[in-house]
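Note that these values count all heavy atoms, side chains included, but never hydrogens, waters or copies made by symmetry.
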Amino acid sequence: MPDSTPSSARTPRVRFAPSPTGYLHVGSARTFIFNWLFARHTHGTMVLRLDDTDVERNTEASVQSIFEGLRWLGLDWDEEYKQSERLALHRQAAESLFAKGLAYRDFTPAHAGDDNQSSAAQGAWLSNPGMREMSRAESDRRAAAGEPFALRYRVPRGEGRTLQFVDGVYGAQFKLADEIEDFALLRSDGMPTYHLASCADDAGLRITHIIRGQDHLTNTFKHCLIFEGLGVEPPQFAHLPLLVAPDGAKLSKRRHGPVVSVTTYRDAGFLSQAFVNFLCLLGWSPKDDREFMTLDELTDAFTLEGVNRANAVVNFTEEDPFDPKAVWLNAEHIRATPVEELAPRLAPFFEQAGFHPAPEKLLAVTPLIRERIKLLRDAFSAADFFFLDQLPPYDPAELIPQKSDAALARRVLSRALEVLPTVPFNHDALEQALRAAASELGLKAGQAFQPIRVAVCGRKNAPPLFATMAVLGRVTCLERIEQALSSLESFS
RNA sequence: GGCGCUAUCGUCUAGGGGUUAGGACGUGAGAUUCUCAAUCUCAAAACCCGGGUUCGAUUCCCGGUAGCGCUACCA
């Protein structure tokens with residue numbers, strides 16, 4: 001049944017195989033993305049496989065949270081499997097290796113020698129004493145007697161054999177078989193280990209390219225041994241440089257907390273396409289000067305040759321959990337998003353602040369803040385005055401322009417009050433009227449507009465004045481200018 | 001400890017035997033604008049160290065150092 005066509009010549013089948021032991025973290029997300037891009041670029045198949053053989057640590061909540069993360073990324077997959085449902089296949093693989101004499105039973109109690117650091121230093125870690133050499137008869141007898149055992153791979157020893165494979169990123173890799181320990185295939189409870197289950201499934205699912213984190217680079221020799229024992233041609237391998245924290249340590253849930261969870265990015269208001277764009281730039285380059293890229297452009301440009309070999313730092317700090325480049329890219333993607341598409345994405349963040357803007361109003365406000373926010377969650381603080389019934393009390397110092405006085409601010413506001421009731425409330429008419437008012441008062445635009453802007457928006461920094469007033473409407477504007485004026489009454 | 005992988009501005013990266021070592025983010029200065037944002041201009045900022053090979057190495061080779069990974073009946 002094994003297919004004799006080399007994996008490199010078949011239609012690519014790649015897989016993403018997370019183990020559900022927590023939320024989806026950014027490193028896993030990147031691995032998924034690279035696999036997806038490879039699959040789509042080559043018109044291959046994307047397989048999602050939950051590697052849930054670690055019964056102790058797997059949770060259903062984690063499964064849900066991983067799906068949630070993947071769904072948010074907006075990338076799909078073609079086939080889906082659960083490793084725990086494929087136990088029979090794994091056992092069969094173990095059987096087959098045992099039958100061929102490529103594996104043996106190890107009756108050493110689990111965790112017998114926990115000081116494997118020192119025993120490793122003495123070179124005594126290759127196999128447990130007496131187990132590898134045990135006769136089949138004795139092994140069978142002890143097993144039949146119900147004594148628990150782990151199944152280990154019988155790694156070729158004393159032949160000076162060199163194992164090798166060509167990595168799609170790191171190039172040709174070599175290792176002496178004698179340096180590899182007799183790794184476990186089955187635990188003493190009969191459950192397969194990661195190495196066995198993973199290889200058996202990769203073979204069974206006819207995976208052609210394994211694209212995964214570099215932390216598996218050395219493990220790959222073991223996997224080659226398993227594929228060989230199973231009598232199948234190993235897939236192509238490509239290992240990805242790791243994502244690390246600014247201190248150089250591998251990104252981990254434990255040490256770095258929620259900053260490594262993709263939901264943190266989602267909740268802060270990253271656009272998924274920006275997040276994907278950012279992750280792609282860590283450890284991969286299109287080799288030209290492009291940085292801002294759409295999914296289509298990424299798919300088109302992605303190749304394994306573009307993958308870098310050095311670990312990439314995600315540049316976050318305690319004060320700011322997001323890499324500045326990620327934030328910048330997000331701002332770029334926000335600006336590139338059409339208003340009709342962006343407005344509904346903003347809605348949840350207004351709701352979070354306790355406001356439920358009408359869709360039309362949101363649509364009117366969005367273009368005014370689109371250039372001014374870096375994260376979607378900034379939307380409310382950038383646009384609050386559009387939705388507040390009552391502005392917080394004015395700061396007279398803000399109503400009064402620099403090098404000026406309250407009297408001038410009062411004149412400007414009074415004049416505005418005279419002019420505004422009859423002006424059509426659209427951008428051009430407002431501009432014409434207010435500029436005219438400014439020159440009548442002998443003021444420069446900047447000087448004249450500040451009191452009005454502060455009156456209408458409640459602060460000095462805001463979107464362009466005329467468009468803002470047009471959205472706010474005549475009634476609100478007049479009301480606020482009156483209030484501002486009266487707050488200046490007693491002020492000299 | 002053993003084995004492996006890696007090393008270009010603060011960060012992400014391009015490059016590659018002879019280059020003013022390129023771009024981006026961030027930072028600083030300026031321009032522009034009704035403020036902010038955006039935009040534009042300019043600036044500071046890097047080839048880990050030591051040996052080779054070579055007319056010439058940041059680039060190729062070796063060694064060192066450092067970081068990371070693997071060395072589990074975790075994945």
Side-chain angles (χ1 to χ4, degrees), chain A residues 17-21 51-54 56-58 106 108-112 114 116-123 125-126 148-152 167 170 173-176 179-181 183-195 197-198 213-222 239 241-242 244 246-250 278 281-292 308-316 323-329 331 335 368-374 382 401 431 434-435 438 444-450 452-454 457 459-466:
Chain A
S19 61
T21 56
D51 277 7
D52 55 351
T53 51
D54 185 357
E56 299 283 298
R57 302 197 303 156
N58 294 330
D106 180 353
T108 312
H111 308 295
D114 243 2
N116 74 49
Q117 235 20 310
S118 57
S119 60
Q122 291 151 27
W125 49 275
L126 289 172
F149 61 87
L151 192 72
R152 287 182 183 279
D167 189 89
Y170 289 91
Q173 302 292 314
F174 305 90
K175 195 178 180 95
L176 241 28
E179 285 165 353
I180 298 170
E181 76 282 8
F183 54 94
L185 299 168
L186 291 179
R187 304 188 182 94
S188 45
D189 62 3
M191 289 295 285
T193 63
Y194 162 75
H195 297 305
S198 177
Q214 191 242 42
D215 46 350
H216 285 299
L217 189 63
T218 329
N219 285 332
T220 303
F221 295 103
K222 296 174 189 167
H239 289 86
L242 265 18
V244 298
D247 65 2
K250 179 177 161 180
F278 169 66
L281 262 19
L282 295 175
W284 174 82
S285 157
K287 305 279 186 184
D288 49 35
D289 283 341
R290 284 182 296 171
E291 304 250 42
F292 174 92
N308 207 22
R309 281 184 277 271
N311 290 170
V313 174
V314 181
N315 203 7
F316 61 82
D323 190 309
K325 195 153 204 168
V327 175
W328 170 75
L329 273 171
R335 281 180 218 125
L368 298 178
I369 60 170
R370 184 171 52 167
E371 273 199 351
R372 269 157 267 267
I373 59 175
K374 292 179 184 304
E431 169 154 29
L434 290 175
R435 281 194 192 280
K444 282 191 288 189
Q447 255 181 322
F449 295 164
Q450 177 171 337
I452 304 176
R453 172 179 297 107
V454 174
C457 302
R459 51 184 145 86
K460 282 198 289 191
N461 300 338
L465 185 57
F466 316 121

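Across every strand in view, B:U58 sits unpaired, with no contact that passes the Watson-Crick or G-U test at under 3.5 angstrom. Pairing for B:C48 is with B:G64, a Watson-Crick or G-U wobble pair whose two hydrogen-bonding atom distances lie under 3.5 Å. In this entry B:G1 has B:U71 as its Watson-Crick or G-U wobble partner, both defining distances falling under 3.5 Å. Of the nucleotides present, none pairs with B:A21 by Watson-Crick or G-U wobble criteria with both distances under 3.5 Å. Across all strands shown, B:A37 has no partner, as no Watson-Crick or G-U wobble contact with both distances under 3.5 Å is found. The partner of B:U53 is absent, by the rule that a Watson-Crick or G-U pair needs both atom distances under 3.5 Å. Figure legend. B:A43 is base-paired to B:U27; pairs are counted as Watson-Crick or G-U wobble with both atom distances under 3.5 Å.
A:Leu281 places a side-chain heavy atom less than 4.5 Å from the side chain of A:Leu329. A:Asp106 has its side chain out of reach of A:Leu151: every pair of non-hydrogen atoms, C-beta onward, lies at least 4.5 Å apart. Contact of the A:Met191 side chain with the A:Leu186 side chain is not registered, since no non-hydrogen atoms from C-beta on lie closer than 4.5 Å.
Taking the six-membered ring for Trp, A:His216 and A:Tyr194 have ring centres closer than 6.0 Å. Ring centroid separation for the pair A:Phe466 and A:Phe449 comes in under the 6.0 Å cut-off.
Atoms CG and CG, on A:Leu434 and A:Leu465 in that order, are 6.5 Å from each other to the nearest 0.5 Å. In this structure, CZ on A:Arg372 lies 10.0 Å from CZ on A:Arg335, to the nearest 0.5 angstrom. Within the model, atoms NZ of A:Lys222 and CD1 of A:Ile180 stand 7.5 Å from one another, a figure rounded to the nearest 0.5 Å. For the atom pair CD of A:Gln214 and OG1 of A:Thr220, the computed distance is 10.0 Å after rounding to the nearest 0.5 Å.
Here the separation of B:G22 from B:A29, taken at their C1' atoms, is 23 Å to the nearest Å. For the P atoms, the distance linking B:U27 with B:A37 amounts to 11 Å, nearest Å. Between B:G15 and B:A7, the two P atoms lie 13 Å apart (nearest whole Å). Rounded to a whole angstrom, the distance from the C1' atom of B:U35 to that of B:A46 is 38 Å. Remark: the separation of the C1' atoms in B:U6 and B:G18 is 27 Å, to the nearest Å. A distance of about 15 Å separates the C1' atoms of B:G30 and B:A44, rounded to the whole Å. Look at the C1' atom in both B:A21 and B:C70: the space between them is 35 Å, to the nearest Å. Comparing B:A45 with B:C25, their C1' atoms sit 13 Å apart, to the nearest whole Å.
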Exercise. Report, as a single string ordered 5' to 3', how protein heavy atoms within less than 4.0 Å touch nucleotides 6-15 of chain B: B base, S sugar-phosphate only, - not at all.
Key: SS---SBSSS
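Heavy-atom nearest nucleotides on RNA chain B were determined for A:Lys460 and for A:Pro192, and the one closer to the 5' end corresponds to A:Lys460. Each of A:Ser19 and A:Trp328 was matched to the nucleotide of RNA chain B holding its nearest heavy atom; the match closer to the 5' end belongs to A:Trp328.
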Quiz item: After noting the C-alpha distance and the side-chain angles of A:Phe183 and A:Arg152, does the key distance pass the side-chain contact (heavy atoms from CB on, under 4.5 Å) rule?
Solution: CA-CA 5 Å; A:Phe183 54 94; A:Arg152 287 182 183 279; 5.5 Å; no
Quiz prompt | Candidate pair A:Glu179 and A:Phe221, rule side-chain contact (heavy atoms from CB on, under 4.5 Å), full reasoning | solution = CA-CA 10 Å; A:Glu179 285 165 353; A:Phe221 295 103; over 6 Å; no
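Residue A:Phe221 contributes atom CZ, which lies 10 Å from atom C1' of B:C3 at whole-angstrom precision. Atom NZ in A:Lys222 sits about 15 Å away from atom P in B:G4, given to the nearest Å. Rounded to an integer number of Å, the gap from A:Leu126 CG to B:G1 P is 18 Å. Rounded to a whole Å, the CD1 atom of A:Ile369 is 15 Å from the P atom of B:A38. Spacing between atom NZ of A:Lys444 and atom C1' of B:U35 amounts to 14 Å, rounded to whole angstrom units. Put simply, NE2 on A:His195 is 11 Å from P on B:C70, counting in whole angstrom units. Regarding A:Glu181, its CD atom lies at a distance of 13 Å from the C1' atom of B:G4, rounded to whole Å. One can place CZ of A:Phe292 at 17 Å from C1' of B:G23, the figure rounded to the nearest angstrom.
When distances are taken from the side chain of A:Thr193 to each of B:C73, B:G69, B:U35, the shortest belongs to B:C73. Across B:U71, B:C73, B:G4, the shortest atom-to-atom separation from the side chain of A:Arg152 is found for B:C73.
As judged by a 4.0 angstrom heavy-atom cut-off over every strand, A:Ser188 is placed among the base-contacting residues. Residue A:Glu371 is in base contact, counting any heavy-atom pair closer than 4.0 Å across all strands shown. Residue-level contact check: A:Arg335 touches the backbone only, with heavy atoms under 4.0 Å from sugar-phosphate atoms and none from bases. The residue A:His216 sits close to a base: some heavy atom pair falls under 4.0 Å.
The heavy-atom pair separating A:Val313 from A:Leu282 by the smallest distance is O-CD2, 4.1 Å.
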Kindly give the atom pairs (protein nitrogen or oxygen, nucleotide nitrogen or oxygen) under 3.5 Å for nucleotides 58-66 of chain B.
none

With 3.5 Å as the limit, what N/O pairs link the protein to nucleotides 30-34 of chain B?
{"unit_1": "B:C34", "atom_1": "OP1", "unit_2": "A:Arg435", "atom_2": "NH2", "d": "3.1"}
{"unit_1": "B:C34", "atom_1": "O2", "unit_2": "A:Arg453", "atom_2": "NH2", "d": "2.0"}
{"unit_1": "B:C34", "atom_1": "N3", "unit_2": "A:Leu465", "atom_2": "N", "d": "3.4"}

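Note on A:Glu291 versus A:Lys325: salt bridge recorded, some NZ/NE/NH1/NH2 to OD/OE distance being below 4.0 Å.
A:Asp323 places no side-chain N or O within 3.5 Å of a backbone atom of A:Val314 that could act as its donor or acceptor partner.
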